[in-house]
Amino acid sequence: MRYRRARVRAMPAAAAGAIPLLAAGWLFAVGPHLPHLIASIFQVIGLVCFVLAALDILGIVPAIFLYNFPRRFVPPHLRDQPGFLAEARVHDHRGSRKS
């Protein structure tokens with residue numbers, strides 16, 4: 001259950017990261033290939049889209065999944081939930097108590 005909540009929290013940011021990644025691939029595929037190592041404007045825009053997607057997928061999505069931070073990128077109705085690691089800590093402490 002904890003994993004599912006964390007995954008649902010991070011899903012919109014992951015989808016938002018997939019859009020620039022697809023745009024980067026499309027721009028590299030349809031952009032003109034210029035000789036002599038000169039980059040076209042399509043390749044520059046594609047590279048910028050790829051960098052934005054990489055920052056999102058490698059930085060923001062794991063932070064949302066594990067810590068529920070930055071709250072700006074978390075859906076509003078899920079912002080008050082603890083992150084996956086905080087839930088795991090609470091769950092582990094509950095299981096280790098002896099009655």
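Everything numeric here is computed off the predicted structure, so don't read it as measured data.
Residues in residues 72-88 take part in these side chain to side chain donor-acceptor pair (under 3.5 Å) pairs, two or more places apart or across chains: R5-E87, R9-Q81.
Y3 and L78 are not part of a single hydrophobic cluster, where members link through side-chain heavy atoms under 4.5 Å apart. Grouping the Ile, Leu, Val, Met, Phe, Trp and Tyr side chains by contacts below 4.5 angstrom, directly or via other members, places I41 with W26. No path of Ile, Leu, Val, Met, Phe, Trp and Tyr side chains, each step under 4.5 Å between heavy atoms, connects I57 with V51, placing them in separate hydrophobic clusters. V30 and I45 fall within the same hydrophobic cluster, defined by Ile, Leu, Val, Met, Phe, Trp and Tyr side-chain heavy atoms under 4.5 Å apart, directly or through other members. Under the 4.5 Å side-chain heavy-atom criterion for grouping Ile, Leu, Val, Met, Phe, Trp and Tyr, L52 is not connected to I60 through any hydrophobic cluster.
Across all their heavy atoms, A24 and F50 have their closest contact at CB-N, 3.8 Å. Here the shortest heavy-atom pairing between A53 and G17 reads CB-O, 3.3 Å. In terms of heavy atoms, V74 sits closest to P70 at CG2-O, 3.6 Å.
Looking at residues two or more places apart in sequence or on another chain, you find no side-chain contact (heavy atoms from CB on, under 4.5 Å) involving I19. F42 pairs by the ring-ring contact (aromatic ring centres under 6.0 Å, His included) definition with nothing, not counting sequence neighbours. Residues forming a ring-ring contact (aromatic ring centres under 6.0 Å, His included) with F69 (at least two apart in sequence, or on another chain): none. For the side-chain contact (heavy atoms from CB on, under 4.5 Å) test, residues two or more places apart in sequence or in another chain that qualify with L85 are L66, Y67, R89. Under the rule for a side-chain contact (heavy atoms from CB on, under 4.5 Å), the partners of A39 that lie at least two apart in sequence or sit in another chain are Q43, V44.
The shortest side-chain heavy-atom distance between D56 and V61 falls under the 4.5 Å cut-off.
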